[in-house]
Amino acid sequence: MKLSLVVPCYNEAENVAAFQAAVIDAFQDCGYDYEIVFVNDGSKDATLHNLKKLHKEQKCPVKVVSFSRNFGKESGIYAGMEHAGGDYISLIDADLQQRPEIVRDMVKILDEKPQIDVVAAYQDRRGEGKVLSFFKKRFYNIINRLSDVNLHSDASDFRTFRRSVRDSLLELAEYHRFSKGLFAWVGYDTEFIPYTACERNAGTTKWSFKKLMNYAIEGIIGFSTKPLRYSIYLGSFTAISAVLYLLWVVLEKLIWGIDIPGFATIIVLILLLGSIQLFCIGIIGEYVGRTFEQSKDRPVYIAKEVLDYEN
Ligand code: UDP
Ligand code: MG
């Protein structure tokens, strides 16, 4: 098997058949073998039913891994890579926003350039709103400054890579997964190619602003411990400010004999310091929580059903 397309699906009932058709269309005269590894990420609609139909028909080699509940796209990618048998593995969405034709170009690049291990697509024109775009840019600025890994600001999970890269990624069995960071962390030589995301074939996006926010925090906490360092700086700064203010108050009293009317300042200081403390405890908590999650050593996903085509 030359190529495995790994497709995480969450409530994509209307899309999976169209996706397979588009793949067959794009790869009909490619001259190599390929398979589609669908991962049903605990969908609540007819996705699994439709996937089973595709598996039964086997118009092209189809594997289906079905989760016991919704574990998230990152877990879907992990499971799909585990079950992928190809020399090349491609991560692609089920909603046809990322065209299978581009995967063919990616494969061509890997074939022609043995020194390249990963071909990653980045969005040259973003179809999303200005506000979201602004926040995404800020996020990549922050994470690149905070962490050791360097992320391409428009890169997506839409990638094709060699099996050796897949093996390295699977070795990172961390519970909180952030693929873009993991790709940057394992290294290898990456070529970036531009692509334009199409409209969704059917259904709606699974990302809300809140989910994206959590995803961003995931990325920062998962790849950097610098927030902890910064909370030390912040603490030092407020401590120094407090001492200076104390000196000022004493001088005011001794030199000019001014009485300090206290309660307003005290309330403000209590609120300020209290919130800084809570903020820093929150940061520490994030790391402790992650250590806790990881120490439980739970699997990244649980598969309820695996439909392989060999049996
Ligand atoms: N997805 C998933 N599990 C989730 C959320 C999303 O497997 O919990 C899949 C989804 O079915 C799709 C891909 O991840 O194939 C990308 O999701 P979506 O299209 O909603 O994201 P967007 O393209 O809007 O960034
Ligand atoms: Mg999409």
Side-chain angles (χ1 to χ4, degrees), residues 4-23 36-51 54 62-84 89-100 102-103 120-129 131-133 135-137 139-140 151-160 175-180 182-183 195-216 218-219 300-305:
S4 300
L5 294 155
V6 169
V7 195
C9 310
Y10 178 55
N11 294 347
E12 304 281 6
E14 295 108 333
N15 287 329
V16 287
F19 175 83
Q20 190 203 34
V23 169
I36 307 179
V37 184
F38 285 110
V39 181
N40 171 40
D41 185 12
S43 300
K44 291 176 185 68
D45 63 359
T47 303
L48 181 60
H49 177 260
N50 294 358
L51 288 179
L54 298 183
V62 169
K63 281 183 196 169
V64 179
V65 181
S66 185
F67 286 178
S68 58
R69 64 169 169 86
N70 179 251
F71 280 89
K73 183 183 177 186
E74 294 288 344
S75 303
I77 290 175
Y78 187 85
M81 289 197 303
E82 265 192 336
H83 288 87
I89 287 90
S90 188
L91 308 182
I92 183 168
D93 290 352
D95 55 12
L96 287 172
Q97 284 191 291
Q98 305 165 340
R99 301 296 311 178
I102 303 174
V103 179
Y122 68 90
Q123 291 193 39
D124 54 354
R125 264 185 303 119
R126 279 192 179 276
E128 61 211 13
V131 181
L132 194 58
S133 223
F135 277 111
K136 281 192 175 173
K137 278 253 154 61
F139 163 65
Y140 285 106
L151 305 187
H152 191 297
S153 66
D154 294 311
S156 58
D157 292 334
F158 187 23
R159 290 161 193 261
T160 304
Y175 187 75
H176 289 271
R177 304 186 72 77
F178 178 70
S179 273
K180 284 176 211 162
L182 296 177
F183 271 104
Y195 88 104
T196 307
C198 309
E199 285 292 311
R200 223 173 196 285
N201 185 52
T204 52
T205 177
K206 312 296 178 303
W207 292 97
S208 58
F209 190 75
K210 191 171 144 224
K211 262 192 166 181
L212 279 174
M213 203 62 194
N214 283 331
Y215 187 65
E218 206 73 68
V300 175
Y301 69 90
I302 293 172
K304 188 176 169 193
E305 233 176 317

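Keep in mind it's a predicted model, so treat the numbers as computed, not measured. Below, each value reflects all heavy atoms present in this structure, side chains not excepted, and no hydrogens, waters or symmetry copies. Whatever order the structure lists them in is the order used to number ligands and atoms, beginning at 1.
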**Report entry** For atom 24 (O) of ligand 1, closest protein heavy-atom neighbour
**Finding:** Thr205 OG1, 2.5 Å

Report summary line: Rounding to 0.5 Å, atoms CG (Asn40) and CG (Asn70) come to a distance of 9.5 Å

Query raised in the report: When you measure from atom 1 (N) of ligand 1 to each heavy atom in Phe19, Phe67, Tyr10, which option holds the nearest one?
Result: Tyr10

Query raised in the report: Given Ala79, Pro8, Ala197, which one has a non-hydrogen atom that is nearest to atom 15 (O) of ligand 1?
Result: Pro8

Query - Contacting atoms of ligand 1, where contact means under 4.0 angstrom from a heavy atom of Asp41 - result: 2 (C), 3 (N), 4 (C), 7 (O), 8 (O)

Query raised in the report: Centre of Phe183's six-membered ring, under 6.0 Å away, within 45 degrees of the axis: is that where NZ or CZ of Arg159 sits?
Result: yes

Query - Contact atoms of ligand 1, heavy-atom distance to Arg200 under 4.0 Å - result: 18 (P), 19 (O), 20 (O)

Report task. State whether the shortest distance between N or O atoms of Lys211 and N or O atoms of ligand 1 falls below 3.5 angstrom. Result -> no

Query raised in the report: Is Asp95 close enough that one of its N/O/S atoms sits under 2.8 Å from the Mg ion (ligand 2)?
Result: yes

Query - Enumerated ligand 1 atoms positioned under 4.0 Å from heavy atoms of Gln97 - result: 19 (O), 22 (P), 23 (O)

Report task. Kindly check if the number of other-residue, nucleotide or ligand heavy atoms within 6.0 Å of OH (Tyr122) is above 12? Result -> yes

Report task. Under 4.0 Å from a heavy atom of Gly72: give me the atoms of ligand 1 that qualify, with their elements. Result -> 3 (N), 8 (O)

Query raised in the report: For atom 19 (O) of ligand 1, which protein heavy atom lies nearest, and how many Å away is it?
Result: Asp95 OD2, 2.6 Å

Query raised in the report: Nearest heavy atom to atom 14 (O) of ligand 1: which of Glu12, Glu74, Lys73 does it belong to?
Result: Lys73

Query raised in the report: Can you tell me how far CZ of Phe19 sits from CD1 of Ile36, rounded to the nearest 0.5 angstrom?
Result: 5.5 Å

Report task. Output yes when a side-chain donor or acceptor of Asp41 lies under 3.5 Å from a complementary backbone atom of Gly76, and no otherwise. Result -> no

Requested in this report: Just let me know how Asn11 lines up against ligand 1, side chain, backbone, both or neither, with a heavy-atom cut-off below 4.0 Å.
Outcome: neither

Requested in this report: Examine all N, O or S atoms of Gln97, backbone included, and report whether one is under 2.8 Å from the Mg ion (ligand 2).
Outcome: yes

Query raised in the report: Going through the distances and angles, do Tyr140 and Lys180 end up as a side-chain hydrogen bond (donor to acceptor under 3.5 Å, both in side chains)?
Result: CA-CA 11 Å; Tyr140 285 106; Lys180 284 176 211 162; 2.9 Å; yes

Query raised in the report: How close does the nearest protein non-hydrogen atom get to atom 16 (C) of ligand 1, and which residue and atom is it?
Result: Asp93 OD2, 3.3 Å

Query raised in the report: If you look at every heavy atom in Cys9 and Val16, which pair is closest and at what distance?
Result: SG-CG1, 4.0 Å

Query raised in the report: Counting only N and O atoms by type, is there a donor-acceptor contact under 3.5 Å from the side chain of Thr47 to the main-chain atoms of Glu12?
Result: yes

**Report entry** Whether over 12 other heavy atoms sit under 6.0 Å from His49 NE2
**Finding:** no

Report task. Give me the one residue out of Arg69, Glu82, Glu74 that meets side chain to side chain donor-acceptor pair (under 3.5 Å) with Tyr301. Result -> Glu82

Query - Side chain Gln97, main chain Cys198, donor-acceptor under 3.5 Å - result: yes

Report task. Note the single closest protein heavy atom to atom 20 (O) of ligand 1, along with its residue, its atom name and the distance in Å. Result -> Lys206 N, 2.6 Å

Requested in this report: Give the residue, atom name and distance (to 0.1 Å) of the protein heavy atom nearest atom 25 (O) of ligand 1.
Outcome: Trp207 CD1, 3.5 Å

Query raised in the report: Under a heavy-atom criterion of less than 4.0 Å, does Gly76 contact ligand 1?
Result: no

Query raised in the report: Near Cys9, which atoms of ligand 1 are under 4.0 Å from a heavy atom of that residue?
Result: 7 (O), 11 (O)

